[in-house]
A.B. asks: 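Questions regarding the structure given below will be posed in turn.
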Amino acid sequence: MTGGPDLLIVGAGPAGMSAAVVARRHGLDVLVVDEQSAPGGQIWRNIETAADTSRAGILGKAYSDGADVVRRFRASGAGYLPGARVWHLEPGPRAFIAQNGVARCIDANAILLATGAQERPLPFPGWTLPGVMTVGAAQILLKSSGQIPDEPVWIAGTGPLSLLYAIQLLKAGGRIAGFLDTAPSANLAGAFRELAGAFLGAPGDMLKGFGWLMALRRQVRFIGNVKEIEAIGNEALERLRYITANGRSATVDARLLFVHEGIVPTIHPTLALGCKHIWNAAQDSFAPDLDTWGETSVSDVFVAGDGARIGGAQAACHLGELAALRVAAKAGRLSRAQLAAVAAPVRKRLKAALAIRPFLDRLYRPRSAVFVPPEATLVCRCEEVSAARILEQAAAGRPDPNQVKAFTRAGMGPCQGRQCSYTVASLLAAKEGRTVPDVGLYRVRPPFKPITLAELAALDAGAVIP
Amino acid sequence: MFRKLQSLDEEVTVYVDGVAVPAEANESVAAVLLRQSPVWARTAPVSCSRRAPYCMMGVCFDCLATVDGIASTQTCLTPVRDGMLVLRQKGRRSVRP
């Protein structure tokens, strides 16, 4: 097919919107496709509607800041397809999307994947019970639907998002039954070494974070150094059991539990495309192997934002700008010298935006049970496969995740391994004394987002069906 | 389980397993399911235990339901529409309706 855009951007979050604005500034024809019904990504979700409501005050300035980026994106002249799922990618590059019940194929001179992150899978016994949700999910409900829990909630987790949501929930009039801080106290020594860099680089964010922590400790029951949690109930969550590192254990009544252990890059698209990936040890996650502009090992396919490495919204904007500049240069809109000159200040701002990350990565590194859960835990939520069954496979001499998948169905359900891939790799690695990057993840195959047969049947005539 | 901070803006009606429930234009079907009692979206294919929306961003697939006749719809990514028919999904999907 011909007549595709110069740049196809997947994702209308901070990275995708910033890239679109810069690419348009340099005269490129840009098309942005996004799964959500409005621009903003997860961080600025529903910002256009929520900006003028009381919610904006509850969510804070970092959320409201998104309104300006969305405005500039809307005014950029980039094409925009909301409610569109990308379900397959090919070198070329070529993308297959489904929108409004129709599938189609788009050839572009370059593709930028700005697909962000997902919350790190955090299996524990009972995590599939209704009443257990992620902190990210609860925050999305506040942003997009203006709703909060109607009874006291337990929050268990680490990371800035857990603290931020707890503060937002209190501001919104919600109640917190208790906050279980699951960051191992052993993280403090490593984090301490990064403290000076974080304070010098991001004094405002550091003070804000300490402010949240102090406020929470003052206002809610705060239990630190929690090592294990278990959700108990029949049809829904009824009780929560927790054990701290120093052996304190308690079982409490609970109807709602929000959990969070940080976020990891979305790598399904780049895995499906066959891009080379690296292991990011500081963030315990895989990431696409990128050059300094965000280009993957597959020519003219770029990644920017948290999909490249977890860095937050500001860093994502700058990574999106850099990728767009490189695409513009490749298209002949910028000379080499111009590219270097325009990129230099962006790189400087990127460095500043990332200054706090080494501290956060060390302070909030998840406890070991997040990676290797107790044997009774369901590892694959979709096909209901326990950790014990994965370990049996390892004992039977089937060390490859794809073999484990074939024998147990773990990873074959609708989420396609988004919730169990890391855990299967970690379990196999732990059992065999290997490392997670050595074990690797499942092979990802198209369609990596669900499409109906009717959508597939409506695929443009003349397009190559994968 | 959840409540709205403010009264519904642009109220529409959706039908959850045949019961008319109020919703707000453009919010997700999953958000509506989380205001019902008891909260659940589907049952798991092996144990038939209940599942509810978990991630709200399209990566867990526990919020799947049959929406306007289309099975296994990700309700967290589906905005409500007036008159929408939502059926909680039980067990494995079949090719036959």
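Chain naming here is simple, since letters A, B, ... match the order of the sequence lines and numbering starts at 1 in each. Just so you know, these numbers use all the heavy atoms, side chains as well, and skip hydrogens, waters and symmetry mates. No experiment lies behind these values; they were computed from the predicted model shown.
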A.B. asks: At their closest point, which heavy atom of A:Glu384 faces which heavy atom of B:Ala44, and how far apart are they?
C.D. replies: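 For A:Glu384 and B:Ala44, the tightest heavy-atom pair comes out as OE2-CB, 3.3 Å.
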
A.B. asks: For a side chain to side chain donor-acceptor pair (under 3.5 Å) with A:Gln147, tell me which candidate from B:Glu24, B:Gln6, B:Arg35, B:Arg3 qualifies.
C.D. replies: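 Testing each of B:Glu24, B:Gln6, B:Arg35, B:Arg3 against A:Gln147, the sole residue satisfying side chain to side chain donor-acceptor pair (under 3.5 Å) is B:Arg35.
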
A.B. asks: With a 4.5 angstrom heavy-atom cut-off, is it the side chain or the backbone of B:Pro79 that approaches chain A, or both, or neither?
C.D. replies: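 Only the side chain of B:Pro79 comes within 4.5 Å of chain A.
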
A.B. asks: Which of the residues B:Leu77, B:Val39, B:Val46 is involved in the greatest number of heavy-atom pairs with chain A at under 4.5 angstrom?
C.D. replies: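 Among the listed options, the one with the most contacts to chain A is B:Val46.
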
A.B. asks: By a 4.5 Å heavy-atom criterion (distance strictly below it), what part of A:Ser145 contacts chain B: side chain, backbone, both, or neither?
C.D. replies: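 Both backbone and side chain.
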
A.B. asks: Side chain, backbone, both or neither: which part of A:Ser37 has a non-hydrogen atom closer than 4.5 Å to chain B?
C.D. replies: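 It is the side chain, since no backbone atom gets that close.
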
A.B. asks: What I'd like to find out is whether the side chain of B:Leu5 reaches to under 4.5 Å of the side chain of A:Leu142, using heavy atoms alone.
C.D. replies: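 Of all side-chain heavy-atom pairs linking A:Leu142 with B:Leu5, at least one is under 4.5 Å.
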
A.B. asks: For a 4.5 angstrom cut-off between non-hydrogen side-chain atoms, does A:Gln416 reach B:Phe61?
C.D. replies: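 A:Gln416 does not reach B:Phe61 side chain to side chain.
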
A.B. asks: Supply the atom-to-atom distance B:Met57 CE to A:Ile263 CD1, rounded to the nearest 0.5 angstrom.
C.D. replies: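 The distance works out to 8.5 Å.
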
A.B. asks: Tell me, side chain or backbone of A:Leu237 under 4.5 Å from chain B's heavy atoms, or both, or neither?
C.D. replies: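 No part of it gets close to chain B.
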
A.B. asks: Looking at chain B, which one of A:Ile140, A:Leu129, A:Ile58 has the largest number of heavy-atom pairs inside 4.5 Å, strictly under?
C.D. replies: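 Among A:Ile140, A:Leu129, A:Ile58, the one with the most close pairs to chain B is A:Ile140.
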
A.B. asks: Evaluate the side-chain proximity of B:Leu34 to A:Met133: yes if any heavy-atom separation is below 4.5 Å, no if none is.
C.D. replies: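 When only atoms from C-beta onward are counted, B:Leu34 and A:Met133 do touch, with a gap below 4.5 Å.
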
A.B. asks: Where does A:Glu383 contact chain B at under 4.5 Å (heavy atoms): side chain, backbone, both or neither?
C.D. replies: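 Both backbone and side chain.
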
A.B. asks: Which atoms of A:Gln36 come close to chain B, meaning under 4.5 Å heavy atom to heavy atom: side chain ones, backbone ones, both, or neither?
C.D. replies: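 It is the side chain, since no backbone atom gets that close.
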
A.B. asks: Which atoms of A:Pro149 come close to chain B, meaning under 4.5 Å heavy atom to heavy atom: side chain ones, backbone ones, both, or neither?
C.D. replies: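 Looking at A:Pro149, backbone and side chain both touch chain B.
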
A.B. asks: Out of curiosity, B:Cys60 SG to A:Arg381 CZ, how far, rounded to the nearest 0.5 Å?
C.D. replies: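 Between B:Cys60 SG and A:Arg381 CZ, I get 5.5 Å after rounding to 0.5 Å.
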
A.B. asks: Between A:Val259 and chain B, with a heavy-atom cut-off of 4.5 Å, which part of the residue counts as in contact: side chain, backbone, both or neither?
C.D. replies: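 Only the side chain of A:Val259 comes within 4.5 Å of chain B.
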
A.B. asks: Do you know which of B:Val32, B:Asn26, B:Asp62, B:Leu64 has the most heavy-atom pairs under 4.5 Å to chain A?
C.D. replies: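 Most heavy-atom pairs within the cutoff with chain A belong to B:Asp62.
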
A.B. asks: Does the plane of the ring in A:Trp127 sit parallel, tilted or perpendicular to the ring in B:Tyr54? Use 30° and 60° as the thresholds.
C.D. replies: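 Ring orientation of A:Trp127 relative to B:Tyr54: perpendicular.
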
A.B. asks: Just verifying a value: how many Å separate B:Ser37 OG and A:Asp150 CG, rounded to the nearest 0.5 Å?
C.D. replies: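 Reported to 0.5 Å precision, the distance equals 9.0 Å.
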
A.B. asks: Examine whether an atom of A:Ala236 lies under 4.5 Å from a heavy atom of chain B, and if so say whether it belongs to the side chain, the backbone or both; otherwise answer neither.
C.D. replies: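 For A:Ala236, no heavy atom lies under 4.5 Å from chain B.
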
A.B. asks: Do A:Ser144 and B:Glu27 come within less than 4.5 Å of each other through their side chains, counting heavy atoms only?
C.D. replies: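 No, their side chains stay 4.5 Å or more apart.
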
A.B. asks: Would you say that B:Met1 contacts A:Arg255 through its side chain, given a criterion of any heavy-atom pair below 4.5 Å between the two side chains?
C.D. replies: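 No, their side chains stay 4.5 Å or more apart.
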
A.B. asks: Heavy-atom distances under 4.5 Å only: say whether A:Glu235 touches chain B with side chain, backbone, both or neither.
C.D. replies: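 Both backbone and side chain.
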
A.B. asks: Name the member of A:Arg418, A:Arg409, A:Lys449 that forms the most heavy-atom pairs with chain B at distances under 4.5 Å.
C.D. replies: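 The residue among A:Arg418, A:Arg409, A:Lys449 with the greatest pair count is A:Arg418.
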
A.B. asks: Looking at CZ of A:Arg85 and CD of B:Gln74, how far apart are the two atoms once the value is rounded to the nearest 0.5 Å?
C.D. replies: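 One gets 7.5 Å once the value is rounded to the nearest 0.5 Å.
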
A.B. asks: What part of A:Leu141 gets within 4.5 angstrom of chain B, counting heavy atoms only: side chain, backbone, both, or neither?
C.D. replies: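 Contact with chain B is through the side chain of A:Leu141 alone.
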
